[in-house]
Structures are given as structure tokens and as C-alpha cells.
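Presented below is the structure to which this report refers.
Chain letters run A, B, ... following the sequence lines, proteins first, then strands; residues in each count from 1. FYI, side chains are in, hydrogens and waters are out, and symmetry mates aren't considered; it's all heavy atoms of this structure. Just so you know, these numbers come straight off a predicted model, no measurement behind them.
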Protein chains: 2
Amino acid sequence: MDKIRQSTLHGEVAERVRDLIAQGVLAPGSRVPEKQLCEQFGVSRTPLREALKVLAHEGFVELLPNRGARVAKLTRTTLKNTFEVMQSLEALAGELAGARISDPELANIEALHYQMLAHYKSGNMQEYLLTNQQIHEAIVVASQNDVLIDVYKNLNHRVRRVRFTAELSSDYWSQAVSEHEAMIEALRKRDGKELGSILSCHLRNKVEVSALEEMAE
Amino acid sequence: MDKIRQSTLHGEVAERVRDLIAQGVLAPGSRVPEKQLCEQFGVSRTPLREALKVLAHEGFVELLPNRGARVAKLTRTTLKNTFEVMQSLEALAGELAGARISDPELANIEALHYQMLAHYKSGNMQEYLLTNQQIHEAIVVASQNDVLIDVYKNLNHRVRRVRFTAELSSDYWSQAVSEHEAMIEALRKRDGKELGSILSCHLRNKVEVSALEEMAE
DNA sequence: CTCCTTTTTTTTGAATGCATAATTAGATTT
DNA sequence: AAATCTAATTATGCATTCAAAAAAAAGGAG
């Protein structure tokens with residue numbers, strides 16, 4: 001069952017702006033052109049500004065007094081800090097998922113896992129990273145902790161713009177894959193403790209950080 | 001050095017509304033009276049509504065289409081989930097703080113610890129809980145991870161309205177105190193691993209949850 | 001008196017308006 | 001021509017206005 005899509009105008013606008021930032025259309029450090037975006041979206045400044053307030057709170061933009069919103073730069077430090085927190089949240093998610101995951105959810109993750117392996121074999125980095133990401137998200141969802149899911153998704157959003165652009169070294173890549181094997185094994189045994197500790201050591205984040213660090217700031 | 005206090009009107013308003021919710025002036029489930037609050041704060045509806053969008057994103061209020069904002073109810077489940085995440089974040093904070101805490105920060109936490117012990121001895125629950133809270137916050141700050149600090153503070157905000165109203169049983173209370181002793185010990189040794197594991201087992205949250213559960217929803 | 005319908009009032013969501021601050025463009029001086 | 005000062009333009013922050021929706025009040029039937 002899907003969540004009720006509460007369509008609020010400012011919410012729609014926020015999502016569009018988030019996309020523009022993620023896609024790099026709005027460059028880090030650049031100002032957010034209110035008027036132009038209003039025309040582009042066909043809305044007045046009110047809902048756009050409401051959206052900007054939310055985005056500022058989320059860390060996507062910075063509000064400078066009397067000079068509007070600027071796209072926030074993703075510094076190396078912030079990126080590292082974000083991954084640090086996400087890793088910890090994933091560890092918690094793994095622990096909880098071990099106890100709470102449903103059979104269909106497990107089956108879905110297994111399916112994703114084999115997909116991911118296929119992408120690994122064929123060397124398709126883009127697809128690999130996407131599927132990898134979906135697995136991690138699925139584990140978080142399986143935690144059944146709405147607050148956790150919420151916070152995780154928000155952090156994930158923030159780093160979206162540097163995601164999927166990384167080049168993994170083959171060493172790290174193969175290690176990440178073997179860790180994923182262990183994760184699936186732990187999940188099948190519904191061993192949350194084990195899954196949690198694998199995830200908290202899982203160096204996916206570290207890999208990405210090292211690969212992405214140069215992109216930030 | 002304190003952060004630059006960027007005073008935005010909507011930010012101020014958001015804080016005021018948060019306070020009203022925390023203090024119970026705005027009851028859970030009740031509607032947020034825009035007009036009245038505007039008069040009370042002496043601002044127009046624009047900044048108030050901007051604040052409400054942010055508060056909705058933070059989980060303080062819910063926005064219902066064409067019927068404005070309602071104060072979000074803090075259900076037992078949400079409360080439990082929130083503490084679950086906070087506990088995990090504190091564990092991470094402890095780990096990081098062990099490696100990164102500065103001498104003045106440590107001294108400050110030690111001072112707070114003795115204060116807390118004094119409140120324990122004199123049976124002053126209110127002051128005890130407040131100081132206890134300050135210690136946990138100080139550890140989070142000592143992690144030097146801005147993202148972590150940010151997320152933690154936000155979650156802390158959300159549960160503020162049920163904080164400091166709990167009645168702890170003396171058993172739990174004494175155990176919590178002894179755990180705090182161990183925490184301080186670990187901090188002195190700058191043993192992040194140890195501190196992290198103490199915090200992740202620390203049942204302060206559980207205690208509060210059990211005491212607070214009846215208050216929620 | 002209770003329940004339902006219709007009208008009035010209030011509230012909400014979003015656009016517009018306006019004063020102030022910031023930016024740009026142009027003029028003046030060196 | 002470079003630099004500084006001034007005027008025009010534009011952008012921003014907040015208040016106000018307006019149409020549509022919801023809530024409340026008044027009226028009428030059973």
C-alpha cells in the first residue's frame with residue numbers, strides 16, 4: 001500500500017528544485033533565480049519561497065539575508081559526515097530488519113541482489129550502483145521504523161547529486177560484492193545482529209566517499 | 001565560537017510555534033490558528049505559513065489540504081521509533097567523541113556529570129533529567145559531525161513535549177546513574193568504542209519510553 | 001426538538017503589491 | 001582607461017488581496 005500522495009504545491013515545487021540541484025542545472029554556490037523558476041513552473045513566488053524554506057532546512061540551499069537562496073555546496077566534510085550518519089542508520093536498519101522483515105521483502109531484496117551481481121559481472125557500474133542503492137534502501141524500509149526511513153531518505157537526497165558518478169576500483173568493488181553476499185546470508189537467517197555489524201563495517205560508503213571526495217566542494 | 005545566528009522571520013516564528021507545541025499550548029490534533037498566531041506574533045500570514053511548511057517537514061504539524069495545519073500527535077510507535085534512532089545516533093556520537101573530544105568539552109561534561117549526581121542524591125528528578133539531557137547533547141556535539149548534530153537536535157525537538165515529565169522508578173534511575181559513571185570513565189580514556197557500546201545499551205531511552213508511553217497518542 | 005438544507009462567515013491557498021536592500025549600469029573624476 | 005561615485009534597475013521580504021473551499025450559523029421540514 002502506497003502512502004497517500006498529499007499533493008501540496010510547495011511540495012511539488014520543492015521536489016522540482018531538488019531535482020534541478022541534483023542534476024546540476026542549479027550549480028552549487030549559484031543563486032536560485034526566483035522569478036525564472038516561477039515562470040518555469042508556472043507558479044507565483046509564494047509557493048516557491050515556501051519550498052525554499054523547506055529546502056534550506058533540508059540543507060539543499062542556504063538563505064542569505066536580503067540576497068535570497070544559494071545552492072549549498074557539498075563540502076568534503078559534509079559529505080563525509082553525511083555518510084558517517086547514513087552508515088550508522090543502515091546498521092540500525094539492518095538490526096531491525098533482521099527481526100521484522102517480511103517474506104516478500106526478503107524475496108525482493110534477494111532478487112535485487114542477483115540483479116546487482118549480474119551488473120557486476122557485466123561491469124555495468126551505473127546499473128550496479130543503482131541496484132546497490134535500491135538494496136540498501138529496501139533494508140532501511142524493512143526496518144519498519146518510519147522515523148529511520150524518513151531521516152535516511154532525507155540524507156540520501158542530499159548526497160544524490162554526487163551519487164552514481166563514482167568510479168570504483170575493482171578491488172573495492174569485489175569486496176563490496178562479497179560483503180553483500182554476507183548481508184543476504186544474514187538476512188535469510190534473520191540475524192539482525194550480524195546484518196547490523198556487516199552494514200556498519202560495509203565500506204560502500206567509504207568507497208564512495210573516496211571516489212566522490214574530489215567531486216565535492 | 002557560536003554559529004552565526006541567521007535571524008529569519010520565518011525561523012523565529014517556527015521556533016515560537018515549536019515552543020507552543022512543546023508546552024502543550026497547542027494541543028496534539030488541534031488545528032493551528034493562523035490568524036490568532038499572526039496577531040500574537042505581530043506578523044503577517046506569509047512568514048507564519050512558511051514556518052508551518054518547515055514544521056510540517058520536521059514532523060511537528062500535519063498539513064491537510066484546504067484545512068490547514070494540525071498539531072501532529074506523538075503516537076507510541078513514533079515515540080519508540082524516534083528513541084530507537086536517537087539511541088543509534090548517540091552510539092555513533094559516542095564513538096566519534098571518544099576520538100575527537102577536546103579537553104574543555106570533556107571538563108564540561110564531567111562538571112555536568114557531578115551536577116547530575118547531586119540532583120540524583122537530592123532526588124530532584126526535574127533537574128536530573130535536564131542535566132542528563134545536557135550531557136547527552138554535549139556528547140553529540142563533541143562528535144564534531146555537523147550532520148549528526150543537526151539530525152539529533154531535530155529528533156530531540158520532536159520528543160521535547162514529552163520530555164522532563166517522566167517519573168523514573170528508583171531501580172532504573174540508579175542503573176542509569178551507574179551507566180553514566182561508565183560513560184564518563186570511557187570518555188576520560190577517550191575510548192570511543194567503549195563509549196559507543198555503553199550508549200547503545202544505555203537504557204535511558206527505554207526508561208523514558210516506558211514512562212512516557214502512556215503519555216503519547 | 002432533531003435532522004437536513006441553504007446561506008453566511010471564516011479560513012485557506014496562492015497571486016499580487018509595495019517598501020527596502022542589493023545589484024547593475026552609467027556618469028564623473030583622475 | 002581605471003577607479004569611484006551616483007542613478008536606474010532588479011530582487012528580496014513581507015503584507016495584503018482575492019478566489020475557492022470549509023466551517024459555522026440560520027432557516028425549514030419532518
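Considering every non-hydrogen atom in both B/Ala186 and B/Ile198, the closest pair reads CB-CD1, 4.2 Å. Of all heavy-atom pairs spanning B/Arg158 and B/Leu74, the tightest one is O-CD2, 3.9 Å. Taking both residues in full, the closest heavy atoms of A/Arg100 and A/Ser143 are given as NH1-O, 2.8 Å, listed atom of the first, atom of the second, then distance. Across all their heavy atoms, B/Val140 and B/Glu90 have their closest contact at CG2-CG, 4.4 Å.
Here CG of B/Leu199 is found 10.5 Å from CG of B/Leu92. Values are rounded to the nearest 0.5 Å. Interatomic distance, NZ of B/Lys53 versus CZ of A/Arg49, reported as 13.5 Å (0.5 Å rounding).
Residue B/Thr82 is tested with A/Asn145, A/Asp146, A/Val147 for a side chain to side chain contact (heavy atoms under 4.5 Å, CB included); the sole match is A/Val147.
Between A/Arg31 and B/Val43, the residue anchored nearer the 5' end of DNA chain D, judged by the nucleotide with its closest heavy atom, is A/Arg31. The residue among A/His10 and A/Arg67 whose nearest nucleotide of DNA chain C lies closer to the 5′ end is A/His10.
On the nucleic acid side, DNA chain D has its first and last nucleotide under 4.0 Å of a heavy atom of chain B at D/dC14 to D/dA23, going 5' to 3'. From the 5' end on, the contacts that DNA chain C makes with chain A at under 4.0 Å to a non-hydrogen atom open and close at C/dA14 to C/dT23.
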Walk me through it: do B/Glu58 and B/Arg160 pass the test salt bridge (Lys or Arg N to Asp or Glu O under 4.0 Å)?
-> CA-CA 13 Å; B/Glu58 288 179 353; B/Arg160 189 155 55 114; over 6 Å; no

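Partners of A/Glu137 according to the side chain to side chain contact (heavy atoms under 4.5 Å, CB included) rule, which considers only residues two or more places apart in sequence or in another chain, are A/Gln133, A/Tyr152, A/Asn156. Residues meeting the salt bridge (charged side-chain N to carboxylate O under 4.0 Å, His left out) test with A/Arg45, sequence neighbours left out: A/Glu34.
Taking the side chain as every heavy atom from C-beta outward, A/Leu187 and A/His113 never approach each other to under 4.5 Å.
Taking a 4.0 Å limit (strictly below) on heavy-atom distances, residues 44-51 of chain A reaches DNA chain C at A/Ser44, A/Arg45, A/Thr46, A/Pro47. A heavy atom closer than 4.0 Å to some atom of DNA chain D occurs in A/Glu34, A/Lys35, these being the qualifying members of residues 32-39 of chain A.
The aromatic rings of B/Tyr128 and B/Tyr120 are tilted relative to each other, their planes meeting at an angle between 30° and 60°.
A donor-acceptor contact closer than 3.5 angstrom is absent between the side chains of A/Asn132 and A/His119.
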